[in-house]
Amino acid sequence: MKLLSRFSLSDAGILGINARNLEYLFPKNPRHLYKLADDKIRTKAIAQELAVNVPETYGIIRFQNEVKQFADLVQDHDAFVLKPAGGSGGDGIQVITGKSEKGYRKSSGNVMSESDIKYHLHNVLSGMFSLSGSSDAVIIEYAVQFDPVFNDISYQGVPDVRVIVYHGVPVMAMLRLPTRRSDGKANLHRGGVGVGVDIATGQTTVGIQNNQYLERHPETDHPLRGIAIPHWQEILTMSARLGDRTEFGYLGVDFVLDQQLGPLLLEINARPGLSIQIANQEGLIPRLEAVDAVRSKLADLGEKVDFAQRNFAA
C-alpha cells in the first residue's frame, strides 16, 4: 500500500498527533484536569457522582507498610484485579482469576506466589508503572466477567470498548480485543486487535492489528465483523455524560462489559490515541468539525447522542 503524504492524510480527514495536541488536547482539556484522568481513584469517584457504573473497589493500598494487609483485603474474593492508580497502557495490571495452594492464578494460567504478589505491590507503590514515575497506589477491584458475546473473538483477557467524546458528543468508537501477542491485554500497542464500531448501531466492522487489516481474530479465527455490542445505547449515554458533565472537551472513555452488571467504566483518557481512525477506516477531523458547527444547538445528552448516531453512521 502506498504511504499517504501528510497533505493527503489531511485531505482524508485523518487527525495526526501534532494537530490532536495543538488543536484539541491543549485548548480543550485544561491542564489541571489531567490528574483526574491519570488517577484512577479520582476517576472512579467522578464516575460514581455522575451515575456511571464502575467495578467495585475491594481495597486501596497507598503505603509500603500496608502491603502486609493484602491477604486480608482479598480473603473473601477468589478473583480480583490489581491496578496501579496512576498507571497507563495496561502496565502493572494483574488479573487474578483464582487461588490455589501455590498462590494466585493469573488469567494466563500462570501462578503468582504470595511473595510474588507482594513484590509486585511494592513495585507499584514505588512508582514503577506510574505516568509520572512518582509514588503510586494500588487499587484492588472486582474482576470483570466479560460478556459471552465476546467468547469467540477474545484471547484470555477482557475486551473493552473505546469511545472518543468531543464536547459531550460520541464521535468514534472501537472494540479492543486481547490476543496471544498482547499477553491477554486489550491494548493495541501491545499487539491487541482494534475493531471499528458503527456509532449508529454498535455493530463491529473491520479489525486491525499492528496496522494490518484483518477480518478474523488471529487466535480464534472467528469473524470480527457484524457483532452487535450489547448495551450500546447505555455505553453512548454514559460516554456522553462523562464528556458533557466534566470540563474535558476531548476525551477517550473505555468500558468493559460484564455479563451480569453490563457496561463498567474502565478508565478515561485525556490523551486518547489515534489508531481508532485506522480501525474505522475514517478520519476524525470531519466528525470533530461537524460537532463544532452545531454543538451550541445541542441542548442535552439525548440530543448529542442522537446527533452522533444520525451523522456518524458507518
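Everything quoted here is computed from the prediction, not taken from an experiment.
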Taking the six-membered ring of F312 as reference, does the cationic atom of R310 (NZ for Lys, CZ for Arg) lie under 6.0 Å from its centre and within 45° of its axis?
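Judged by the rule, R310 and F312 form no cation-pi pair.
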
Inset, instruction - State plainly whether one hydrophobic cluster holds both M112 and M128, where clusters connect Ile, Leu, Val, Met, Phe, Trp and Tyr through side-chain heavy atoms under 4.5 angstrom apart. - result: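 Yes, one cluster joins them.
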
*Does the distance from a Lys or Arg side-chain N to an Asp or Glu carboxylate O, for E282 and R287, drop under 4.0 Å?*
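Judged by the 4.0 Å cut-off on N to carboxylate O distance, E282 and R287 do form a salt bridge.
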
Salt bridge or not between E66 and R62? Use side-chain N to carboxylate O under 4.0 Å.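 Salt bridge flag = no for R62 with E66.
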
* Reported CG-to-CG distance for the pair D300 and D244, which is rounded to 0.5 angstrom ->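 These two atoms lie 8.5 Å from each other.
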
CZ (F26) and CZ (R20) are apart, to the nearest 0.5 Å, by 8.5 Å

With no hydrogens and no angle check, do the side chains of [X] and [Y] hold a donor and an acceptor under 3.5 Å apart?
| X | Y | result |
| --- | --- | --- |
| S113 | D116 | yes |
| N29 | Y24 | no |
| Y58 | D76 | no |

### Heavy-atom check, side chain of V193 versus side chain of L224, under 4.5 Å
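Side-chain contact under 4.5 Å: yes.
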
Worksheet entry | Aromatic ring proximity, centroids under 6.0 angstrom, F248 and Y166 |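 No: the rings miss the under 6.0 Å criterion.
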
>> Can you confirm whether or not the ring centre of H120 sits under 6.0 Å from the ring centre of F129?
In response: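 Distance test on ring centres: under 6.0 Å, yes.
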
Tested for side-chain contact (heavy atoms from CB on, under 4.5 Å) against I229, the lone hit among T201, D147, V161 is V161

Apart from I60 itself, its cluster of hydrophobic side chains linked below 4.5 Å comprises I41, I139

Fill in: Residue list, side chain to side chain donor-acceptor pair (under 3.5 Å) with D160, at least two apart or on another chain
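Partners of D160 by the side chain to side chain donor-acceptor pair (under 3.5 Å) criterion, ordered by chain and then number, come out as R176.
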
